[in-house]
Amino acid sequence: MNISPEVQFDLHRRMVRIRLFEEAAGRLAEAAKLPGFLHLYVGEEAVAAGVCAALNDDDHITSTHRGHGHLVAKGGDLNRMMAELMGKSTGYCKGKGGSMHISDLSLGMLGANGIVGAGSPIAVGAAFANRYRKKGQVAVAFFGDGATNIGAFHEAANMACALHLPIVFACENNEYGEFTPRDQTMAITDIVDRAAGYGMPGVIVDGMDAIAVHEATLEAVERARAGGGPSLIEAKTYRFYNHHGVQNLGLKYRSDDEVARWKERDPIFTLEDRMIENKVATRQQFDDIWADWRAAIDRAIQFAEESPLPTPDQVLVDVYTTGGAR
Amino acid sequence: MNISPEVQFDLHRRMVRIRLFEEAAGRLAEAAKLPGFLHLYVGEEAVAAGVCAALNDDDHITSTHRGHGHLVAKGGDLNRMMAELMGKSTGYCKGKGGSMHISDLSLGMLGANGIVGAGSPIAVGAAFANRYRKKGQVAVAFFGDGATNIGAFHEAANMACALHLPIVFACENNEYGEFTPRDQTMAITDIVDRAAGYGMPGVIVDGMDAIAVHEATLEAVERARAGGGPSLIEAKTYRFYNHHGVQNLGLKYRSDDEVARWKERDPIFTLEDRMIENKVATRQQFDDIWADWRAAIDRAIQFAEESPLPTPDQVLVDVYTTGGAR
Amino acid sequence: MSEERKLAYVMAFNEAVSQAMEADPDVFCAGEDIGAFGGVFGTFGGLQAKFGTDRVVDTPISEQAIVGLGVGAAATGLRPIVDLMFMDFICVAMDQIVNQAAKLKYMFGGEATLPLTITTAGGGGLSAAAQHSQSLEAILCHIPGLKVVYPSTPYDMKGLMMACIQEDNPTVMVKHKRLLGMSGHVPVEPYSIPLGTANVVRPGRDVTIVAYGRMVHESVAAAEKLAADGIECEIIDPRTLQPLDTDTIVASARRTNRVLVVHEAVRFGGLGAEIAAQIQEAAFDHLDAPVGRIGAPFSPVPFSPALEQHYIPSSAAIEAGVREAMFRNKVGA
Amino acid sequence: MSEERKLAYVMAFNEAVSQAMEADPDVFCAGEDIGAFGGVFGTFGGLQAKFGTDRVVDTPISEQAIVGLGVGAAATGLRPIVDLMFMDFICVAMDQIVNQAAKLKYMFGGEATLPLTITTAGGGGLSAAAQHSQSLEAILCHIPGLKVVYPSTPYDMKGLMMACIQEDNPTVMVKHKRLLGMSGHVPVEPYSIPLGTANVVRPGRDVTIVAYGRMVHESVAAAEKLAADGIECEIIDPRTLQPLDTDTIVASARRTNRVLVVHEAVRFGGLGAEIAAQIQEAAFDHLDAPVGRIGAPFSPVPFSPALEQHYIPSSAAIEAGVREAMFRNKVGA
Ligand SMILES: Cc1ncc(C[n+]2csc(CCOP(=O)(O)OP(=O)(O)O)c2C)c(N)n1
Ligand SMILES: Cc1ncc(C[n+]2csc(CCOP(=O)(O)OP(=O)(O)O)c2C)c(N)n1
Ligand SMILES: [Mg+2]
Ligand SMILES: [Mg+2]
């Protein structure tokens with residue numbers, strides 16, 4: 001496939017936005033300015049960017065505990081995201097959801113999810129609705145390697161195939177579930193080996209290569225829109241920081257060497273090198289992009305910091321549309 | 001493999017016992033003498049017989065809602081089984097479990113189960129305990145084709161493989177889950193296609209051929225005992241009666257023709273023909289076997305009918321070993 | 001005429017679904033064996049023939065994905081009805097019900113509506129044993145974000161099911177298996193009963209019985225016996241268990257001064273505990289006796305009819321409970 | 001000496017597991033990240049190094065299979081401890097807990113023993129939001145066949161955890177996340193606290209507070225403030241929620257005549273409802289005020305600390321609840 005310079009820039013920008021947002025969130029967390037758990041997406045940007053660049057605003061995605069990257073890639077508002085992470089009333093969830101439930105239904109982002117694997121059945125529901133309405137929308141379920149061991153993933157994958165729904169299962173295989181290496185929790189090496197058990201095509205892509213992810217997604221999304229049913233994409237990727245927060249706590253469960261080897265394949269820098277090499281872009285252009293988004297992130301932090309906290313009376317608001325509260 | 005005449009007779013006897021028990025249960029149910037739901041195993045006898053003949057008394061099995069056949073094949077006491085179906089205090093579960101929870105821990109039969117798929121994780125636990133104790137015992141999980149669509153099955157299969165446990169997954173693929181054909185609920189044809197997704201060997205066998213099932217099980221059990229990990233066996237089989245009870249209720253979800261075709265391959269009669277053809281047995285021997293077990297079933301019915309019902313004070317007994325009841 | 005029309009409880013459910021599907025093309029149903037077969041209890045009978053396989057969907061045996069299908073479709077604009085065959089199976093799908101459906105709107109800061117109806121069949125009395133007979137409604141009522149409905153008559157079934165489908169919040173509609181064949185007056189035209197409104201099944205001055213589901217009928221039987229002795233029971237059927245129409249219950253308690261709460265669920269930790277706790281909070285000085293509670297003993301549901309008939313609360317037990325409340329002697333304080 | 005020895009709540013848990021594993025080779029642990037990593041809360045720290053990978057097992061993310069592993073291993077003679085990281089995740093494994101573990105013995109006519117301990121971490125206060133902060137113990141307490149334990153101190157933690165492991169019935173041991181670091185006296189030698197025995201944390205004549213988990217400490221703080229005004233609270237920590245030591249609670253209620261039940265769980269349908277219902281049943285004529293209940297409001301747990309701090313019951317709320325019970329005016333009957 002031939003990915004145009006525009007799309008290459010698009011992929012790059014999405015990744016830069018994620019990277020800067022996540023780095024900022026990490027710094028704020030270390031400064032104890034973000035309450036709760038924080039699962040950073042740094043290192044895996046090519047997956048969210050490559051997938052979401054193949055989607056329209058009215059396509060749906062479901063996400064994971066590691067969900068900021070997905071929302072940024074789907075076009076999320078950085079101000080409202082940062083405000084949510086700080087628990088402010090201007091946040092996406094008015095401070096009620098936080099990092100693990102960040103969402104934007106107007107962008108088809110059906111929420112980060114604190115329950116591993118729980119997003120996939122919801123994506124099946126969105127895909128069902130999309131086919132029901134016959135407007136050509138698709139749904140994408142993001143999930144980790146570890147999530148493929150849980151029942152909800154299995155049921156979702158099978159149901160999607162049985163009902164032949166327009167859905168893409170996008171696995172971010174970063175080789176760990178929390179602090180436990182993947183090979184201790186499954187006897188297979190490639191998640192894609194599970195696809196045949198549901199009767200859908202599966203493909204492995206380099207999850208550090210946004211273009212590769214994007215191409216695979218274009219194909220899968222096209223198949224879905226054309227009534228060709230579900231697909232599984234396994235993106236081999238890596239998270240640069242800890243399972244949650246930034247630093248490893250306690251036990252060293254990954255070797256320095258392993259981390260360093262993956263960092264060499266940084267998805268943003270490798271794309272930049274490639275684009276420069278192919279004369280698609282100049283260093284200066286990239287510098288400008290980084291600078292622009294750095295400023296946007298600074299504004300987001302300022303917006304979030306200046307935003308008010310939710311007031312106590314909000315606790316009982318939005319449990320129900322009507323008829324709740326006691 | 002060479003299955004000795006003794007083993008062939010053993011397989012045959014197990015199947016005859018199941019058939020007669022189930023036919024009797026069906027008649028009693030139609031005469032309104034059995035309370036509750038009754039899921040008959042008739043037609044599938046070769047699977048339970050072929051598998052259980054490869055097991056020792058101290059090997060474990062978990063079962064399904066269609067569980068009588070498994071317990072009979074594992075050596076269950078027909079009197080106590082029939083009494084349980086009638087809800088009598090002399091039954092295996094003292095009348096508390098009934099058909100869907102029939103069990104005999106002394107034979108390693110960890111219970112029929114009313115929740116589709118729920119037996120498999122329990123079999124994983126038994127397999128774990130067996131390896132822990134290092135006495136060479138194995139566990140077998142029985143389940144239907146429909147059950148492979150539920151999360152619990154998936155988690156069990158993956159965990160067994162990840163922990164490399166001595167277990168055999170025995171799928172009774174009878175092409176239906178209740179009244180819905182298998183091909184409406186999955187996009188694959190062979191359940192065995194799921195094995196690769198867990199990293200275990202899988203094999204399809206003719207589930208109407210007890211010898212074939214037995215041979216496949218011997219191989220899988222041997223592998224398990226030798227530390228070779230889990231296997232999946234898919235037995236293609238068919239239930240001759242309705243999902244529950246005997247007659248089809250309402251909708252005809254299977255054609256007469258389909259049922260007739262499968263009945264031609266009756267697992268007991270085909271084995272008898274083969275044994276006679278191979279001069280391993282005579283018709284007279286089979287007639288005697290049927291007569292013997294018919295008498296045993298009659299005795300079981302009489303035992304059950306003459307047994308007392310549990311008394312009301314038993315409601316609160318056996319909820320806990322100690323410290324319950326209010 | 002419509003006033004004369006009688007319908008079985010199960011068909012009242014079916015008619016509500018059918019009329020809702022006619023009125024709103026966004027309504028669809030999904031569940032195990034509900035399509036061609038019409039559901040193991042016949043609840044969805046004929047609907048697939050009428051509305052097609054796109055709108056009445058047979059699913060794999062995958063309770064988590066069934067509820068997830070409903071959550072995702074509801075969040076993206078449809079109005080799903082998803083069926084969990086037996087109430088015991090809510091345990092299989094509990095994460096999607098409790099952690100997803102119930103909380104989605106709140107977690108998203110209100111930016112979602114979830115017009116999802118989960119239907120299921122509860123209760124015992126069919127010798128279906130411990131995994132097919134449970135009454136688990138108290139669990140659902142403890143979860144903010146869910147509404148829980150439990151009709152006791154064909155009339156209420158149609159009106160409440162219609163209300164569930166029209167409701168913009170996730171609801172769980174529990175049918176009682178032993179009421180499926182019960183016949184009663186059901187208007188032909190569509191109507192809905194507002195969620196959260198109790199029904200005074202029988203007025204009475206002496207004692208209030210709060211009961212729902214099949215226990216309403218056991219209570220009526222008990223009340224008739226008691227009436228022969230001059231004890232007049234007021235029977236209140238909350239119909240919606242979450243939100244609960246506490247006002248109607250408390251007003252009755254203040255009038256009769258004696259209350260018995262009855263349910264088929266296990267007594268310990270059942271909804272009766274909440275109702276009793278609320279009554280003694282709101283009508284403390286009016287009570288002439290402790291709020292009594294009748295529920296199943298603390299054991300799984302036994303299989304044998306010889307046991308199950310003693311396990312499920314009966315009209316005799318209700319009668320005894322009322323008599324105890326009526327003739328209670330004050331012990332020294 | 002041992003009497004002096006202080007230990008954190010989390011290490012009291014750890015020590016109980018360690019000593020039980022030393023004493024009984026049939027005890028093993030399984031769960032996510034509990035092996036090399038020692039559990040996300042450090043609860044299983046060091047145990048794999050000590051007992052090996054056969055006895056301290058890292059599992060896939062498969063809560064149903066984790067509990068199933070425990071059920072199957074317990075039914076076949078081992079004494080498993082299986083961990084569900086957060087209490088919210090019991091919903092993912094609910095079928096194995098409610099329909100399998102709790103009922104197995106009964107369904108099998110008593111022919112099984114299930115010495116299974118399920119451990120988990122409950123409660124809020126870490127801004128972990130709606131799916132990582134719940135207090136779902138009332139659900140478990142409603143299920144016959146389970147025992148439920150919720151220690152409030154390091155001392156109780158060790159003794160109760162030991163009792164759970166030795167118990168022949170399935171138990172759920174809930175740790176409160178906010179108590180993990182709490183330090184207190186814990187004897188070095190193994191000991192166990194019988195399940196079903198409440199602890200009178202503080203004697204008092206004026207009002208009984210029943211509280212468990214972290215709410216015990218909020219109640220103590222409230223009691224200290226109230227004592228300054230001459231109101232003496234008796235604080236009872238049931239420690240085991242199922243079976244519940246009703247005798248101790250009722251005896252206290254009969255003495256103080258006023259009771260407040262406190263928990264972090266949602267008030268509606270929480271265990272407080274059962275406790276209140278039982279108290280008014282057993283001490284009706286002794287009560288000078290309705291049994292009060294304090295619990296979380298009827299919403300999911302909000303993320304923002306600005307909201308969560310108002311969501312979780314505080315010592316101030318408990319103090320106010322006690323004052324209300326103390327100074328209640330009788331309204332006309
Ligand atoms: C049902 C459930 N079990 C356990 C957890 C705790 N947990 C949170 S993230 C995580 C690891 C997930 O691994 P993976 O799916 O590979 O995603 P990754 O974190 O690597 O992106 C675990 C076990 C959870 N949130 N939900
Ligand atoms: C979790 C759960 N969902 C649904 C059911 C209802 N049910 C009982 S048997 C059955 C069909 C099972 O099909 P399969 O696994 O193929 O076994 P078979 O009956 O064909 O032997 C269903 C759906 C159940 N018992 N448990
Ligand atoms: Mg991972
Ligand atoms: Mg089948």
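Predicted model only: the values in this text are computed from it and were never measured. In what follows, chains carry the letters A, B, and so on, assigned in the order in which the sequence lines appear, proteins first and then strands, with residues in each chain numbered from 1.
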Exercise. Do the non-hydrogen side-chain atoms of C/V98 and D/Q134 ever get within less than 4.5 Å of each other?
Worked result: yes

Problem set entry | Lys/Arg N to Asp/Glu carboxylate O, D/E274 vs C/R267, below 4.0 Å | no

Problem set entry | Beyond-backbone contact of C/H142 with D/F298, side-chain heavy atoms, under 4.5 angstrom | no

Exercise. How far does CD of C/Q280 sit from CD1 of D/I279, to the nearest 0.5 angstrom?
Worked result: 8.5 Å

Problem set entry | Contact leader toward chain D among C/M107, C/R254, C/E63, where contacts are heavy-atom pairs under 4.5 Å | C/M107

Seminar exercise, completed: Heaviest contributor of heavy-atom pairs below 4.5 Å to chain D, chosen from C/V92, C/I275, C/V291, is C/V291

Problem set entry | Minimum heavy-atom distance between C/P144 and D/P300, given as atom pair plus value | CB-N, 3.8 Å

Problem set entry | Contacting moiety of C/L287, where chain D heavy atoms sit under 4.5 Å | both

Exercise. Relative to chain D, which segment of C/A130 carries a heavy atom at a distance below 4.5 Å: side chain, backbone, both, or neither?
Worked result: both

Exercise. Where on C/Q96 is there a heavy atom nearer than 4.5 Å to chain D: the side chain, the backbone, both, or neither?
Worked result: neither

For this session: Give, as side chain, backbone, both or neither, the part of C/S135 having an atom under 4.5 angstrom from any heavy atom of chain D.
Result: backbone

Exercise. Among C/I139, C/V301, C/I143, C/D288, which has the most heavy-atom pairs under 4.5 Å with chain D?
Worked result: C/I139

Problem set entry | Interface moiety of C/L241 toward chain D, non-hydrogen atoms closer than 4.5 Å | backbone

Exercise. For C/P290, does its backbone N or O pair with a side-chain atom of D/E281 as donor and acceptor, under 3.5 Å?
Worked result: no

Problem set entry | Validation row: D/F268, C/L244 side chains within 4.5 angstrom (heavy atoms) | yes

Exercise. Which of the residues D/G145, D/A93, D/G270 is involved in the greatest number of heavy-atom pairs with chain C at under 4.5 angstrom?
Worked result: D/G270

Exercise. Mind checking whether D/Y106 and C/P302 have side chains closer than 4.5 Å, heavy atoms only?
Worked result: yes

Exercise. If you count heavy-atom pairs under 4.5 Å with chain D, which of C/A289, C/G292, C/A283 comes out on top?
Worked result: C/A289

Problem set entry | Separation of D/M94 CE from C/D88 CG (nearest 0.5 Å) | 13.0 Å

